[in-house]
Amino acid sequence: MPQELLLQVSPEIASNESLLKDYLSKQIKISANEMQHVVVLKRSIDARQKAIKINLKVSIYLKGEPFQEQKIELPDYKNVSTAQEVIVVGAGPAGLFAALQLIELGLKPIVVERGKDVRGRRRDLKAINRDHIVDEDSNYCFGEGGAGTYSDGKLYTRSKKRGDVTRILELLVAFGATGDILVDAHPHIGTNKLPQIIQDIREKIIECGGQVLFETRLTDILIKNNEVEGIVIQSGDTILANKLILATGHSARDIFELLDKKKVLIEAKPFALGVRAEHPQSLIDSIQYSCDYRGEHLPPAPYSIVKQVNGRGMYSFCMCPGGVIAPCATSPGEVVTNGWSPSKRDQATANSGIVIELKQEDFKPFAKFGALAGMEFQKSIEQKAWHLAGQTQKVPAQRMVDFTQNKVSSSIPKTSYVPGTTSVEMGQVFPRFLSQILREGFTEFGKSMKGYLTNEAILHAPESRTSSPVRIPRDAVSYEHLQIKGLYPCGEGAGYAGGIISAAIDGEKCALKIAEVLKK
């Protein structure tokens, strides 16, 4: 039987198999030559002390012990071309993994996606970066793979359903992701590698008899006697089915408006909002690793920070080591920021959303919009930022210390945000209470992370799409909408997920619930 060990080693040892074997041979008093294989099962960084250590869980196979390299394969998907149909609206992680699960359960998914396929999206991303043109159906949020495809591909989640998490990670590996995502404490695929994986998932859905319809926007849901009958798409055509998974993402405002207009029950939901802060990656490395140079064996350092300021949580969100800031507006007349990292995380800057938790009371000025009050609050800030920055995809920007001192920055250096920046006093972008919390919070951040509060850091505004401003309520057991039979609100847009993994898990759960009903 292989021997499992938990150990803590230097970054150099952790990154070199020969050195690791030598270290282990001393620990278990067996010659390194007797070790057939050393398999790393788990890996994480411990940067709490000045001497950085890597935590490893390893399995040691000695010569003569049976060893078979783990090969993760896809489930035995059947052909479902003639099976009962289920409509899936949205080809983000919730929709795609719902479709895969439906196929596994013998049902035929019809995936309807308003945006373009993963390759076709690139031209529209270039247009927003270079020409400041926002395509309402094809952008960083809409299109095959959803918001995560071109905004980082982080795979860690706070979900405690570890078995479900492992299943999603293994499926991603089977579709081409590196096995490291099963090992690393904070797995990450990278924006440059995720598109091919997404394309392979789509091709598998089609190969198995499912359908994937791009550039097909949902315009109406056909409901009779409080039961789903199908959908209408922008061409005027209908797609009929009495089971509908609605996985449209946190930015599909037209879907929230459609449901509200049809008097389908929805609720305003608190979310978080703030700025995206960019630092030199070398500065974050020096803070986190307590060194002048991190060396070749440590990855670019991330950070995570949370403070309570005036009774509100202020925290880092979607931190991107070695990454860039991207323009994520979904309509003309607004600006929105997000961040992403390539797989190597090799860019010169680090960025993170720094956001404040909002409360229902904050939406009172928009109370006339009912369940859409939070969404209108969100829109108002994005539109104000667009006006302040020159009515292009440039964003309001300010040096961090200048912001805490209410001082307009005399200059803004070039940042990773390609459309550009305009020097603005951030207090003009946000309501006064939010600006004050941000100012006090950054001061507190600087006390916890010495060097973080610096004018080398540039704030970009706003970071406003942290989660859905609307929840589409569903039954906790059946996952069916509380009012409409056959409607399954799903993923981030419905308010039940917060990232690629949790959205994928939610998609699978909705598919399982539908199969339970149909097979009774």
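This structure is a prediction, so every number in the text was calculated from the model and none was measured. Each residue takes its place number in the sequence, starting with 1.
One finds the CG atom of D220 at 12.0 Å from the CD1 atom of I233 (value rounded to the nearest 0.5 Å). To the nearest 0.5 angstrom, D135 atom CG is 10.0 Å from L125 atom CG. Going from atom OG of S59 over to atom CE of M1 covers 8.5 Å, rounded to the nearest 0.5 Å. Atom CD1 of residue I484 and atom NZ of residue K263 lie 12.5 Å apart, to the nearest 0.5 angstrom. With rounding to the nearest 0.5 Å, the separation of SG in C141 from NE2 in H250 is 5.5 Å. The OH atom of Y488 lies 5.0 Å from the NZ atom of K243; values are rounded to the nearest 0.5 Å.
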>> Does L74 form a side chain to side chain contact (heavy atoms under 4.5 Å, CB included) with L171? I'd like the steps, not just the answer.
In response: CA-CA 7 Å; L74 290 172; L171 279 171; 4.2 Å; yes
>> Under the criterion side chain to side chain contact (heavy atoms under 4.5 Å, CB included), I'd like the reasoning laid out for Y77 against I205: C-alpha separation, chi angles, the key distance, then a yes or no.
In response: CA-CA 9 Å; Y77 295 120; I205 292 169; over 6 Å; no
>> Test salt bridge (Lys or Arg N to Asp or Glu O under 4.0 Å) on K204 and E207; report intermediate values, then the result.
In response: CA-CA 5 Å; K204 177 57 70 173; E207 176 190 320; 3.2 Å; yes
>> For a side chain to side chain contact (heavy atoms under 4.5 Å, CB included) check, start with the C-alpha distance between E85 and I87, then their side-chain angles and the critical distance, and finish with the verdict.
In response: CA-CA 7 Å; E85 296 176 341; I87 299 169; over 6 Å; no
> Could you go step by step and tell me if K108 and Q211 meet the side chain to side chain contact (heavy atoms under 4.5 Å, CB included) rule?
Replying inline: CA-CA 8 Å; K108 177 181 177 178; Q211 289 181 260; 3.6 Å; yes
> Could you walk me through whether K379 and E334 pass the salt bridge (Lys or Arg N to Asp or Glu O under 4.0 Å) check?
Replying inline: CA-CA 8 Å; K379 282 169 62 175; E334 65 187 27; over 6 Å; no
> Are R312 and E357 close enough, and set up right, to give a salt bridge (Lys or Arg N to Asp or Glu O under 4.0 Å), and what steps lead you there?
Replying inline: CA-CA 6 Å; R312 307 260 187 161; E357 60 181 1; over 6 Å; no
>> Between R121 and E113, is the salt bridge (Lys or Arg N to Asp or Glu O under 4.0 Å) condition met? List the steps.
In response: CA-CA 12 Å; R121 291 176 71 181; E113 169 56 50; over 6 Å; no
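The 12-atom threshold is not exceeded at CZ of R123, counting heavy atoms of other residues, nucleotides or ligands nearer than 6.0 Å. For E361, the CD atom is densely surrounded, since the number of other residues' heavy atoms within 6.0 Å is greater than 12. Residue K364 places its NZ atom among 12 or fewer non-hydrogen atoms of other residues, nucleotides or ligands, all under 6.0 Å distant. Residue K368 qualifies as open at atom NZ: its count of foreign heavy atoms under 6.0 Å is 12 or below.
Contact of the F97 side chain with the L172 side chain is registered, since non-hydrogen atoms from C-beta on lie closer than 4.5 Å. Looking at heavy atoms from C-beta onward, F369 lies out of side-chain contact with D260 at the 4.5 angstrom threshold. Side-chain atoms of P469 and F363, non-hydrogen and from C-beta on, never get closer than 4.5 Å to each other. Side chains of P109 and I103 form a contact here, defined as non-hydrogen atoms less than 4.5 Å apart. Within the 4.5 Å cutoff, the side chain of F175 has no heavy atoms near those of the Q196 side chain. L273 has its side chain within reach of S464: a pair of non-hydrogen atoms, C-beta onward, lies under 4.5 Å apart. Considering only heavy atoms from C-beta on, V470 stays 4.5 Å or farther from K269 through its side chain. Between C318 and R276 the shortest side-chain heavy-atom distance falls below 4.5 Å.
A donor-acceptor pair under 3.5 Å is absent between the side-chain atoms of T149 and the main chain of A147, judged by distance alone. Judged purely by atom type and a 3.5 angstrom limit, N129 has no side-chain atom pairing as donor or acceptor with the backbone of K126. Side chain of R217 to main chain of Q234: no donor-acceptor pair is present (N/O by atom type, distance under 3.5 Å, no hydrogens or angles). Checked by atom type and distance alone, the side chain of Q84 never pairs as donor or acceptor with a backbone atom of A241 at under 3.5 Å. Between the side chain of Q281 and the backbone N or O of G322, at least one donor-acceptor pair lies under 3.5 Å. Remark: side-chain polar atoms of S468 are not paired, donor with acceptor, to backbone N or O of G495 under 3.5 angstrom. With hydrogens and angles disregarded, a donor-acceptor distance shorter than 3.5 Å links the side chain of N351 to the backbone of V324. Distance alone, capped at 3.5 Å, places no donor-acceptor pair between the Y303 side chain and the S316 backbone. Judged by distance alone, with hydrogens and angles left aside, the side-chain atoms of T415 form a donor-acceptor pair with the main-chain N or O of Y417 at under 3.5 Å. Although no hydrogens or angles enter the test, the distance criterion places no donor-acceptor pair under 3.5 Å between the side chain of E227 and the main chain of N242.
Nearest heavy atoms, P342 versus D346: CG-OD1, 3.5 Å. Here the closest heavy-atom approach between residue F430 and residue G274 is recorded as CZ-O, 3.3 Å. Minimum heavy-atom separation, E144 to V118: OE1-N, 2.7 Å. Residues A301 and P321 approach most closely at O-CB, 3.8 Å, considering heavy atoms. Closest approach of Y496 to P473, counting heavy atoms only: OH-CA, 3.2 Å. Here the shortest heavy-atom pairing between C490 and R474 reads CA-NH1, 4.0 Å.
E229 meets the salt bridge (Lys or Arg N to Asp or Glu O under 4.0 Å) test with no other residue; sequence neighbours excluded. For T392, the side chain to side chain contact (heavy atoms under 4.5 Å, CB included) criterion is met by H132, K394, not counting sequence neighbours. With sequence neighbours excluded, the residues that form a salt bridge (Lys or Arg N to Asp or Glu O under 4.0 Å) with R114 are D137, D254.
Between F67 and Y61, the ring-plane angle classifies as perpendicular under the 30° and 60° cut-offs.
A donor-acceptor contact under 3.5 angstrom links the side chains of N192 and S343, judged on distance only. Judged purely by distance below 3.5 Å, without hydrogens or angles, the side chains of H188 and S341 never pair a donor atom with an acceptor atom. For the residue pair Q393/R130, the side-chain donor-acceptor check at 3.5 Å is not satisfied. Using modelled atom types, one finds a donor on one side chain and an acceptor on the other under 3.5 Å when comparing E278 with S416.
Tested against R253, the residues E376, E382, E136 include a single salt bridge (charged side-chain N to carboxylate O under 4.0 Å, His left out) partner, E382. Each of V111, I514, L487, V89 was checked for a side chain to side chain contact (heavy atoms under 4.5 Å, CB included) with I245, and the lone residue meeting it is I514. The one candidate from I128, T337, N338 that meets the side chain to side chain contact (heavy atoms under 4.5 Å, CB included) condition with Y140 is I128.
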